[in-house]
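See structure below.
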Amino acid sequence: MTGVRVECVKGNIAAQPDMDAVVNAANAQLLPGSGVAGAIHSAAGPGLAEECRALAPISPGEAVISSAHNLPNRHVIHCLGPVYGVDEPSDRLLAECYRNALLLADHNGLASVAFPAISTGVFGYPLADAATVAMKALADTLPSLGSVRLIRFVLFSDQDLSVFQEALESGLSGQ
Ligand code: AR6
C-alpha cells in the first residue's frame, strides 16, 4: 500500500507531539470554537487565530495551512467539513477535506499528519459513514503522495476508535 502507514488511536488531537501537522475541524472563519477547534486554538494560543484571519473564510471541503504556534507540531491544517444534510453532497465534500489536507501536507514536504473525525461532532455526520468516506478518500489519495509517510486518525472515545479501526481494516485492505 504505497509505503504510507495509516493508524487509528484514541486521544486528543491537540496532544500529538510526534506529528508534523494536526488537522483542525474548523469553522469557515477559522475562529476558536468548541470540540477540536477549541482544543487546537487553546493549545496553540491567540497567535493562531491572528494568523488565521488572513486565511479565512474557507468553504466546505477546502483546506488551508498555518503555523502551529504553541502546539508541539510544525503546522495546523484547517479543514471545513460539511454540515451533514446541509452542505451537499456531504460525502464528496468530506472526502475533499481529507484529500485537500493530505495534498497540502505533501506540497509542504510534511511526513506525518493527524486527523480528527471531521464533521462528526457539531456538524452531525454519522461516525461510521464518515469513517468509510475517510478511508476511501485516503485510498484514492495515497498514490499521489510523496513526502507523507504516516497518517493518524485521533478518535475521542473507545467506541469511535473501534468504528474507525474497522473502517480502516476493510477500507484499505487490498490497496
Ligand atoms: N481531539 C480529538 N477529537 C476530538 C476532540 C479532541 N480534542 N474534541 C472533539 N473531538 P467537532 P465538526 C471529536 O465538533 O463536527 C466547532 O465548534 C468529536 O467527538 O470538533 O467538524 C468548529 O468551530 C467528534 O467526533 O467538529 C465548527 O463550527 C469530532 O472530534 C464545528 O464545531 C469532530 O467534532 C465543526 O464541527
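Note that ligands are numbered from 1 as they come in the structure, with each ligand's atoms numbered from 1 the same way.
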#### Entry: Carboxylate-amine/guanidinium proximity below 4.0 Å for Asp18 and Arg152
yes
### Query
What do you reckon, is CD of Gln165 surrounded by more than 12 foreign heavy atoms closer than 6.0 Å?
yes
Check ligand 1 for N or O atoms under 3.5 Å from a protein N or O and list each pair with its distance.
from: ligand 1; atom 1: 1 (N); to: Ile13; atom 2: N; distance (Å): 2.9
from: ligand 1; atom 1: 7 (N); to: Asn12; atom 2: OD1; distance (Å): 2.9
from: ligand 1; atom 1: 14 (O); to: Val122; atom 2: N; distance (Å): 2.9
from: ligand 1; atom 1: 15 (O); to: Ser119; atom 2: O; distance (Å): 3.4
from: ligand 1; atom 1: 15 (O); to: Thr120; atom 2: N; distance (Å): 3.4
from: ligand 1; atom 1: 15 (O); to: Gly121; atom 2: N; distance (Å): 2.8
from: ligand 1; atom 1: 15 (O); to: Val122; atom 2: N; distance (Å): 3.2
from: ligand 1; atom 1: 15 (O); to: Phe123; atom 2: N; distance (Å): 3.1
from: ligand 1; atom 1: 17 (O); to: Ser34; atom 2: N; distance (Å): 2.9
from: ligand 1; atom 1: 17 (O); to: Ser34; atom 2: OG; distance (Å): 3.0
from: ligand 1; atom 1: 20 (O); to: Val36; atom 2: N; distance (Å): 2.8
from: ligand 1; atom 1: 21 (O); to: Ser119; atom 2: N; distance (Å): 2.8
from: ligand 1; atom 1: 23 (O); to: Asn27; atom 2: ND2; distance (Å): 2.7
from: ligand 1; atom 1: 25 (O); to: Thr120; atom 2: OG1; distance (Å): 2.7
from: ligand 1; atom 1: 34 (O); to: Gly121; atom 2: N; distance (Å): 3.4

### Task
Could you tell me whether the side chain of Asp20 and the main chain of Arg74 form a donor-acceptor pair under 3.5 Å?
no
#### Entry: Side-chain heavy atoms of Val64 within contact of Leu30, under 4.5 Å
yes
### Task
Show your reasoning for whether side chain to side chain contact (heavy atoms under 4.5 Å, CB included) applies to Tyr98 and Lys136.
CA-CA 10 Å; Tyr98 286 103; Lys136 170 83 168 67; over 6 Å; no
### Test item: Glu51 side-chain N/O and Ser67 main-chain N/O as donor-acceptor pair under 3.5 Å
yes
